[in-house]
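Start at 1 with the first residue, then count along the sequence.
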Amino acid sequence: QQLFSFLFLFQFHTMASRQIAQVFENYQKARSAFVQTIADLASRPQNVDALQETGAMALLRPLLIDTVPSIQQTAALALGRLANHSDELAAAVVHDDILPQLVYSLAEQNRHYKKAAAFVLRTVAKHSPELAKAVVDSGAVTALVTCLDEFDPGVKEAAAWALGYIARHNAELAQAVVDEGAVPLLILCIQEPEITLKRISASALSDIAKHTPELAQTVVDGGAIAFLSQLLEVQDAKLKRQVFSALSQIAKHTVDLAELVVEAYIFPAVLPSLKDSDEYVRRNVATLIREVAKHSSELSSLIVNSGGVIALVDYLSESQGVGVMPAVMALGYISAFSESLAMSVIVSHGVIRICDVLVNEHDSHVRAAAAWSLGQIGRHTADHARHVAEANVLPELLALSKDASASSDLKAKASKALKNILLKCTHLPALQALLADAPPSVLENVVAQFAKILPSDAKARKQFVTSGGLKKIQEISAEEGSDLQEAIVMINECFPEEIVRYYSPGYSDTLLQRLDEHDPKA
């Protein structure tokens, strides 16, 4: 009887335990199914508003500290996907105090959860400086930098990506990343064999270096240039984009930093990449050349001597849209420093290509850059101005300076470039083409050039008369005592008085009046 009772109680206890275990197992399966479904739904933008309205964020938060690691990871993934869609949802992550839990988990959990947590921090930080500052204030930077020293490449990638998104907003946030010791570890990550890790680390260094010379110097002091320059000829296009971007962000600040970049023997090694099949690689190379060229004539000369001008001109002939902007500006910077450098752009057919950009592109910023560059080329000597004028660019610059629909920047740069070229231009056909339509401010420069040329050139004087130039000069009304009137007087003094009278307005009426008054009998 006692044995029977014992067996009965044992069987009852076993059944009860199984029932309880089944309840918990069903609860775990339900949580797992719920969080996986939310993560899947959150990957599609059309579901995000509905998930937000149903309170998905609040339901996911306790699952971050679930006893089952896979549920924790999937909950973090779902939160990251939601935060990625809008700054409102990212702000909700901050306001719901989810960040401290994520930061704690970065130090304590397994590699899968660390990747998911870093993903959430990245998606929050990317939206605005304010949200990135909230991520910094939560202590996340310290935890993320620690993750850069992990063995798993995926954890390093996730951490580097998050740090880059924090640093990209402003110098203060970038300095917070630097102060936690991220730069040396990011440079170590560049040396890892995984291509994706190299890409993300180079991008993060670029985001740090872009803000100030001091931050760029910190990246340089860590030895970044040497390791970046070793990747100039890799086959991966996305990696090359980031490498060229990082070098550009370092070089742009000061002549000293630009020289350090150049000392890594990037010229002529970078020039073949101007013909790369990837549009962004080509643009970033052109940007790098621009950031180096703008600092000094010595650096511009190095680019010219490496074949950089010809490569840039070829790039312009094969590109369009905003992608041509850095190449156009690079040619302008090179031309600005000296007559010889400007002539190297001319003989490489740079004027024709830049003129094509001015005429055919639609973006006002690109056209303004083209106008500025043409002004830098043509402002040196009469020979430089003639080459620019022969490309028939002066009427286009004049039209842009008067175009009411053009942006103020484009009109200002076109007007300034036109005046720079006119101050040196002695090419009569180009000057004469402007006489009819030029506003007073431009007309003064045009007439002044004629006043310089005609007194010493008999052939030019004859051409000026026969082409109708003298007649147009007489039709100009100028204020008494103005520079324009003085220039007109100087031009008139170059010709016999009767010729000047002949081309003066109303002279034919005077002749007819004299005919009426003439009496043959007398």
Side-chain angles (χ1 to χ4, degrees), residues 39 43 64 69-70 72-81 83-84 102-126 132 135 139-168 174 177-178 180-209 218-219 222-247 249 278 280-281 284:
S43 65
L64 291 172
S70 63
Q72 295 178 7
Q73 296 154 24
T74 311
L77 178 63
L79 280 170
R81 287 176 176 174
N84 193 42
L102 293 170
V103 172
Y104 172 79
S105 300
L106 278 173
E108 301 296 329
Q109 296 289 353
N110 63 42
R111 59 192 177 91
H112 300 293
Y113 188 87
K114 288 179 179 180
K115 285 189 280 187
F119 171 62
V120 180
L121 294 171
R122 168 165 65 88
T123 57
V124 172
K126 82 170 193 177
V135 172
V141 174
T142 303
L144 289 168
V145 170
T146 302
C147 288
L148 289 178
D149 211 16
E150 287 276 337
F151 177 76
D152 184 79
V155 175
K156 292 181 180 180
E157 289 171 20
W161 210 344
L163 290 169
Y165 271 70
I166 293 169
R168 68 173 48 182
V177 172
V178 169
E180 293 296 333
V183 170
L185 292 171
L186 287 170
I187 294 172
L188 285 174
C189 289
I190 289 179
Q191 303 169 58
E192 295 287 346
E194 292 80 14
I195 292 294
T196 307
L197 180 56
K198 289 177 184 287
R199 283 183 208 151
I200 296 170
S201 302
S203 176
L205 290 172
S206 177
D207 288 328
I208 292 169
T218 301
V219 173
I225 293 177
F227 295 109
L228 289 168
S229 62
Q230 293 173 10
L231 302 173
L232 295 178
E233 298 179 6
V234 296
Q235 297 302 309
D236 185 78
K238 292 181 180 178
L239 175 56
K240 289 171 75 173
R241 291 179 196 173
Q242 302 306 332
V243 168
F244 291 128
S245 174
L247 291 172
Q249 299 296 358
D278 186 87
Y280 297 101
V281 170
N284 287 357

Asker: Lys115: what forms a salt bridge (charged side-chain N to carboxylate O under 4.0 Å, His left out) with it, not counting sequence neighbours?
Answerer: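 Applying salt bridge (charged side-chain N to carboxylate O under 4.0 Å, His left out) to Lys115 gives none.
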
Asker: Identify the two heavy atoms, one from Asp207 and one from Arg168, that lie closest to each other, and give their separation to 0.1 Å.
Answerer: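 That closest heavy-atom pairing would be OD2-NH2, 3.5 Å.
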
Asker: Return the set of residues passing side-chain hydrogen bond (donor to acceptor under 3.5 Å, both in side chains) with Thr123 (not counting sequence neighbours), or none when no residue passes.
Answerer: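 Thr123: no side-chain hydrogen bond (donor to acceptor under 3.5 Å, both in side chains) contacts found.
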
Asker: Only counting residues at least two apart or in another chain, list the ones meeting salt bridge (charged side-chain N to carboxylate O under 4.0 Å, His left out) with Glu233.
Answerer: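 Applying salt bridge (charged side-chain N to carboxylate O under 4.0 Å, His left out) to Glu233 gives none.
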
Asker: Would you compute the distance between atom CG of Leu77 and atom NE2 of His112 and round it to the nearest 0.5 angstrom?
Answerer: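 With rounding to 0.5 Å, CG (Leu77) is 13.0 Å from NE2 (His112).
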
Asker: Checking Arg81 side chain against Ser43 main chain: does a donor-acceptor pair fall under 3.5 Å?
Answerer: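 Side chain of Arg81 to backbone of Ser43: no pair is present.
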
Asker: Could you name each residue pair satisfying side-chain hydrogen bond (donor to acceptor under 3.5 Å, both in side chains) that touches residues 154-165, not counting sequence neighbours?
Answerer: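 Output for this query lists Lys156-Glu192.
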
Asker: What closest approach, in Å, do Ile166 and Val177 show between heavy atoms, and which atom pair accounts for it?
Answerer: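 The pair with the smallest heavy-atom distance is CG2-CG2, 3.9 Å.
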
Asker: Applying side chain to side chain contact (heavy atoms under 4.5 Å, CB included), run through Ile195 and Val234 and close with a yes or a no.
Answerer: CA-CA 10 Å; Ile195 292 294; Val234 296; 6.0 Å; no

Asker: Could you tell me whether the side chain of Leu79 reaches within less than 4.5 Å of the side chain of Leu102, counting heavy atoms only?
Answerer: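 SC-SC contact between Leu102 and Leu79 ruled out.
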
Asker: Taking side-chain hydrogen bond (donor to acceptor under 3.5 Å, both in side chains) as the definition, give me every residue that meets it alongside Ser206, ordered by chain and number, with sequence neighbours left out.
Answerer: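 Counting only residues at least two positions away or on another chain, Ser206 forms a side-chain hydrogen bond (donor to acceptor under 3.5 Å, both in side chains) with Ser245.
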
Asker: Can you name the side-chain hydrogen bond (donor to acceptor under 3.5 Å, both in side chains) partners of Lys238, sequence neighbours left out?
Answerer: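 By the side-chain hydrogen bond (donor to acceptor under 3.5 Å, both in side chains) rule, Lys238 matches no residue at all.
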
Asker: Run the salt bridge (charged side-chain N to carboxylate O under 4.0 Å, His left out) test against Lys198 and tell me which residues pass, sequence neighbours left out.
Answerer: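 So Lys198 forms no salt bridge (charged side-chain N to carboxylate O under 4.0 Å, His left out) with any residue.
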
Asker: Just how far is it from atom CG of Leu231 to atom CG of Leu247, taken to the nearest 0.5 Å?
Answerer: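 Answer rounded to 0.5 Å: 9.0 Å.
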
Asker: What distance do Leu228 atom CG and Phe244 atom CZ have between them, rounded to the nearest 0.5 Å?
Answerer: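 Interatomic distance, Leu228 CG to Phe244 CZ, rounded to 0.5 Å: 10.5 Å.
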
Asker: About how many Å separate CD of Gln249 and CG of Leu205, when rounded to the nearest 0.5 Å?
Answerer: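 Leu205 CG to Gln249 CD: 11.5 Å, rounded to 0.5 Å.
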
Asker: Applying side-chain hydrogen bond (donor to acceptor under 3.5 Å, both in side chains), name anything that partners Arg241, two or more places apart in sequence or on another chain.
Answerer: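 Expected list: Asp278.
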
Asker: Could you pull out all residues at least two apart from Ala160 that satisfy side-chain contact (heavy atoms from CB on, under 4.5 Å)?
Answerer: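 Only Leu148, Leu186, Ile200, Ser201 meet the side-chain contact (heavy atoms from CB on, under 4.5 Å) criterion with Ala160.
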
Asker: Not counting sequence neighbours, which residues clear side-chain contact (heavy atoms from CB on, under 4.5 Å) with Glu150? List them please.
Answerer: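 side-chain contact (heavy atoms from CB on, under 4.5 Å) list for Glu150, sorted by chain: Lys114, Cys147, Val155.
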
Asker: Considering residues at least two apart in sequence or located in another chain, which fulfil the side-chain contact (heavy atoms from CB on, under 4.5 Å) criterion with Val178?
Answerer: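 With sequence neighbours excluded, Val178 shows a side-chain contact (heavy atoms from CB on, under 4.5 Å) to Gln175, Val183, Ile208, Leu215, Thr218, given in chain and number order.
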
Asker: For Asp149, give me all partners under salt bridge (charged side-chain N to carboxylate O under 4.0 Å, His left out), at least two apart in sequence or on another chain.
Answerer: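 With neighbours one apart ignored, the set is empty.
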
Asker: How close do Ala76 and Ala117 get, counting heavy atoms only, and between which atoms?
Answerer: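 Where Ala76 meets Ala117 most closely, the heavy atoms are CB-N, 4.4 Å.
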
Asker: Could you go through Asn84 and Lys126, starting from their C-alpha distance and side-chain angles, then the distance that decides it, and tell me whether this counts as side chain to side chain contact (heavy atoms under 4.5 Å, CB included)?
Answerer: CA-CA 8 Å; Asn84 193 42; Lys126 82 170 193 177; 2.7 Å; yes

Asker: So, for Ala226 and Ser229, which heavy atoms are closest and what is the spacing to 0.1 Å?
Answerer: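 Heavy atoms of Ala226 and Ser229 come nearest at O-OG, 2.9 Å.
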
